[in-house]
Amino acid sequence: MTTTHTDERSTITFEQDTDGIVTLTLDDPEQSVNTMNDAYRRSMAQALVRLRSSATPVTGIVLTSAKKTFFAGGDLNDLFAATTEDAPSVTAFATDIKDVLRDLETFGVPVVAALNGAALGGGLEIALACHHRIALAGKHSRFGLPEVTLGLLPGGGGVVRTVRLLGVRRALDSVLLGGRTFSAEQALDVGLVDEVLNEPDQLISRAKAWIIANPGSVARWDEPTYVMPGGSIALGSPATGDLSDSLAGLMPSLRKQFKGGPMPASRNILCAAVEGAQVDFETAAKIETRYFVELVCGQISKNMIQAFFFDTQGIKSGQGRPTGFRRRDVRKVVVLGAGMMGAGIAYSCARSGMDTVLKDVTEEAAEKGKNYAQTLCDNAVAKAAMSRTDADALLARIVTTAGPAAAEGADLVIEAVFEDPELKKRVLAEVEPFLAHDAVISSNTSTIPITDLATGTTRPADFIGLHFFSPVEKMELVEIIAGARTSDATLARAYDVVQQLGQTPIVVNDNRGFYTSRVILNRLLEAASMLGDGVEPASIERASTLAGYPVGTLALLDELTLALPRKIRGQFKEAVESNGGVYERHPGEDVLEYMVVENNRPGRSAGAGFYEYEGGTRAGFWAGLAALGTNDAPVDFLLGDLADRLLFSEVLDTVRCFDENVLRSAADANIGSIYGIGFPAWTGGTVQFIVGYNGGVAGFVERARDLAAKYGQRFDPPASLVDSVETRRMVWA
């Protein structure tokens, strides 16, 4: 006979079968997923009380879930709200979570996690407290500890147990520092789960069978003969053998990975792992908690949670998509231009299942673009990331052509030719008669106003900008630009297209440079202007990485070519003056003029830019940069000032984008800046940088004024931002 007990306020169902095996089913009645909130904490503690007081002897415990996922992790709303004043309560909460899981782990009977779906973060930490883990296979079953990607560390015993399960270095490299998530099969290979099943109806029975077959099971680290995998670390002594050498190189490797930018989560994970490996389990758990609480109560985790959870979830749920339009997938797409961008777009379209026509001026040029897809597929097959059958099917979906007739019936066209307005209009007009009557007509331009390009079509309401980033197949972001006459129906379909491609859409309104291109231009020019101020180029690159940018800004300028920002600024100047305005020249433009016009050094593609190049590889700074300084004697600049000049140059223009109705939401600004132009992830994006600045918006305004006094009026905070300090009405609200 099976007995069942549940509490009216419980998130866990307690069920004991005739063999004495208890199944604890996680099922929060007020949430669509199970999270590690206070209700869970109380319910798990209550479940332990029931286990101890059971009238029938308990012979084993199965932990599973009634949800589609096993457990979603910590409640990010609670973590986001925590302040330094909350440190004691956060510590108590984390300690309670750990204590209950440790009680479950040492209850004295076999404990099995029956993972019927994803177990991420806190969900995997619960599973790690079980003696055996059986995972259900499937595309939605993901396992891992991704907390580092939110500026956190696993605070429910995840660091302590993965170190004891896998060893210090393997736990850090494979699971903790990268924040990777794994399929069931991958998790089995790593060692996070012990079995993988394909049949859902066998999950519980298999868990119970394991319990019956292994009546004396305990956690392997509680066995008397336990030895830490990969080598041990003795208290007060260095790590032994190879482990000592591998750990010695880990921190420099992390600094290189993060380019010197803020990395408190990685630092704390490393410290918790290494320190925890030198002590007993209970002490290690306390060490983990202290490092966890420091992160939870700090600002960087809040910045990253805002961007990578709240903002990302909002965009994925369609907050920027007009309502009232049914979702439609694209069946056939025409890509105009088979250069690097067009080839990448064609590959991505075919990868998502679209029949793809790749058109160029000649069949040979189009075939060259398809060869790019061939190379990507061959590489994926070689790495076992794609089967040969799937690769061949993807390539078969790409048809090359030099004529417009192959566009017949297409429901999407993406123009990706050179940044020449007349050329773009001409190639679009050529294929328009062959498109479906309601096809979306789009341009991949990065700077040319969409409203102007729409004049080249007879259907401006169907015209929209789809700004991809290079390399298309790797970059997550697509910037959607709504022109003055773009219909809501077209915008909704464009949003669907980006999501069909598996990428992240942001929506902005039309203006020259849109959002991402115009904002990054400010940073590029600011770095150039520093050279004109007499700053050493190495200091500019160090300031870039100190701020958290993935690459030095001068190196980035060389990659993009110095001619590109010159051209864009020239277009800006023409547009401003043609409308009767006064163009404000950025001091960095003089440096670009010196490099490109006077010295013919347009960047890496020409083998000569800010850097010298040997065989296409950077070989030190060009000696001629020394002539750029306007001061007679070298000037000492604070690295912090240089880093802030780069950051503030982009953030202040973001505010102006709101003032000019280019940006529609803070989420678009944050995600667009991080994924599109490499704004440092630790900030949470350009808007969150203001919100999370020391002293909030008022502190940001004060620092902007300080920079303006030192380096020029371009750093003056916009009036709208100054007013928001008094009114508390943010310009992005």
Side-chain angles (χ1 to χ4, degrees), residues 249-267 270 300 303 519-560 562 565 586-588 591-592 594-595 601 603-604 608-614 617-631 633-652 673-674 677-683 686 689 693-694 703-704 706-707 710-712 714-715:
L250 190 54
M251 200 61 197
S253 175
L254 279 176
R255 290 196 185 99
K256 182 177 180 181
Q257 177 185 348
F258 288 90
K259 307 295 184 183
M263 53 176 197
S266 296
R267 178 202 64 210
L270 176 61
I300 288 179
N303 294 342
V519 165
I520 193 174
L521 185 59
N522 285 274
R523 171 162 64 101
L524 300 177
L525 288 170
E526 195 58 36
S529 74
M530 292 177 187
L531 288 171
D533 290 342
V535 180
E536 289 291 332
S539 295
I540 298 170
E541 302 300 67
R542 181 67 187 102
S544 300
T545 55
L546 178 68
Y549 289 105
V551 68
T553 307
L554 297 180
L556 177 61
L557 249 171
D558 268 5
E559 293 289 334
L560 297 174
L562 282 65
H586 194 290
V591 174
L592 298 184
Y594 171 82
M595 295 294 296
R601 299 187 66 87
R604 180 174 179 175
F610 294 117
Y611 285 86
E612 299 281 14
Y613 293 91
E614 294 178 2
T617 301
R618 288 195 295 270
F621 294 106
W622 176 47
L625 296 181
L628 279 166
T630 57
N631 300 288
V635 177
D636 291 329
F637 287 91
L638 295 174
L639 276 175
D641 272 13
L642 299 180
D644 275 356
R645 285 174 66 176
L646 298 172
L647 292 165
F648 275 67
S649 66
E650 295 192 293
V651 174
L652 289 167
S673 62
I674 293 172
I677 55 177
F679 198 73
W682 68 267
T683 67
T686 46
F689 181 77
Y693 200 80
N694 185 24
R703 177 57 170 154
D706 176 54
L707 293 173
K710 291 180 179 179
Y711 305 110
R714 62 188 178 278
F715 289 104

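Just so you know, these numbers use all the heavy atoms, side chains as well, and skip hydrogens, waters and symmetry mates. Here, residue 1 is the first one in the sequence, and each next residue gets the next number.
- Within the 4.5 Å cutoff, the side chain of P587 has no heavy atoms near those of the E526 side chain.
- Using a distance-only test at 3.5 Å, with no hydrogens or angles considered, a donor-acceptor pair links the side chain of T683 to the main chain of P680.
- The shortest non-hydrogen separation linking A704 to L652 is CB-CD2, 4.4 Å.
- For Y611 and E559, the side-chain atoms include no donor-acceptor pair closer than 3.5 Å.
- Here the shortest heavy-atom pairing between A555 and R618 reads CB-NH1, 3.7 Å.
- Smallest separation of non-hydrogen atoms from P537 and L554: CB-CD1, 3.8 Å.
- The shortest heavy-atom contact between A627 and Y594 is CB-OH, 3.6 Å.
- No salt bridge links R645 with D641; every basic N to acidic carboxylate O contact stays at or beyond 4.0 Å.
- The distance from atom CG of D644 to atom CG of L639, rounded to the nearest 0.5 Å, is 11.0 Å.
- For L560, the side chain to side chain contact (heavy atoms under 4.5 Å, CB included) test picks out L524, L556, with sequence neighbours left out.
- For P264 against I300, the heavy-atom pair with the smallest separation is CG-CD1, 3.7 Å.
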Intermediate values then yes/no, side chain to side chain contact (heavy atoms under 4.5 Å, CB included), S544 and V551 = CA-CA 7 Å; S544 300; V551 68; over 6 Å; no
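- Looking at residues two or more places apart in sequence or on another chain, you find no ring-ring contact (aromatic ring centres under 6.0 Å, His included) involving Y711.
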Is there a salt bridge (Lys or Arg N to Asp or Glu O under 4.0 Å) between E612 and R604 once you walk through the steps?
-> CA-CA 8 Å; E612 299 281 14; R604 180 174 179 175; over 6 Å; no
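- With hydrogens and angles disregarded, no donor-acceptor distance shorter than 3.5 Å links the side chain of W622 to the backbone of M595.
- V519 is not listed as a side-chain neighbour of S673, based on a closest heavy-atom distance of 4.5 Å or more.
- Residues F621 and E536 fail the side-chain proximity criterion, which asks for heavy atoms closer than 4.5 Å.
- Side-chain contact between F679 and V651 is present, with heavy atoms from C-beta onward closer than 4.5 Å.
- Residues F610 and V591 have side chains in contact (heavy-atom distance under 4.5 Å, counting atoms from C-beta outward).
- Rounding to the nearest 0.5 Å places CG of N522 at 9.0 Å from CD1 of I677.
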Take T553 and R523 through the test side-chain hydrogen bond (donor to acceptor under 3.5 Å, both in side chains) and record every step on the way to the result.
-> CA-CA 8 Å; T553 307; R523 171 162 64 101; 3.1 Å; yes
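- A heavy-atom distance below 4.5 Å is found between the side chains of E650 and Y549.
- In this structure F648 satisfies the ring-ring contact (aromatic ring centres under 6.0 Å, His included) test together with F689, Y693, F700, sequence neighbours excluded.
- Nearest heavy atom pair, residue S529 against residue R714, reads OG-NH2, 3.7 Å.
- Residues P565 and L592 are in side-chain contact: their nearest non-hydrogen atoms beyond the backbone lie under 4.5 Å apart.
- The shortest side-chain heavy-atom distance between L521 and H586 does not fall under the 4.5 Å cut-off.
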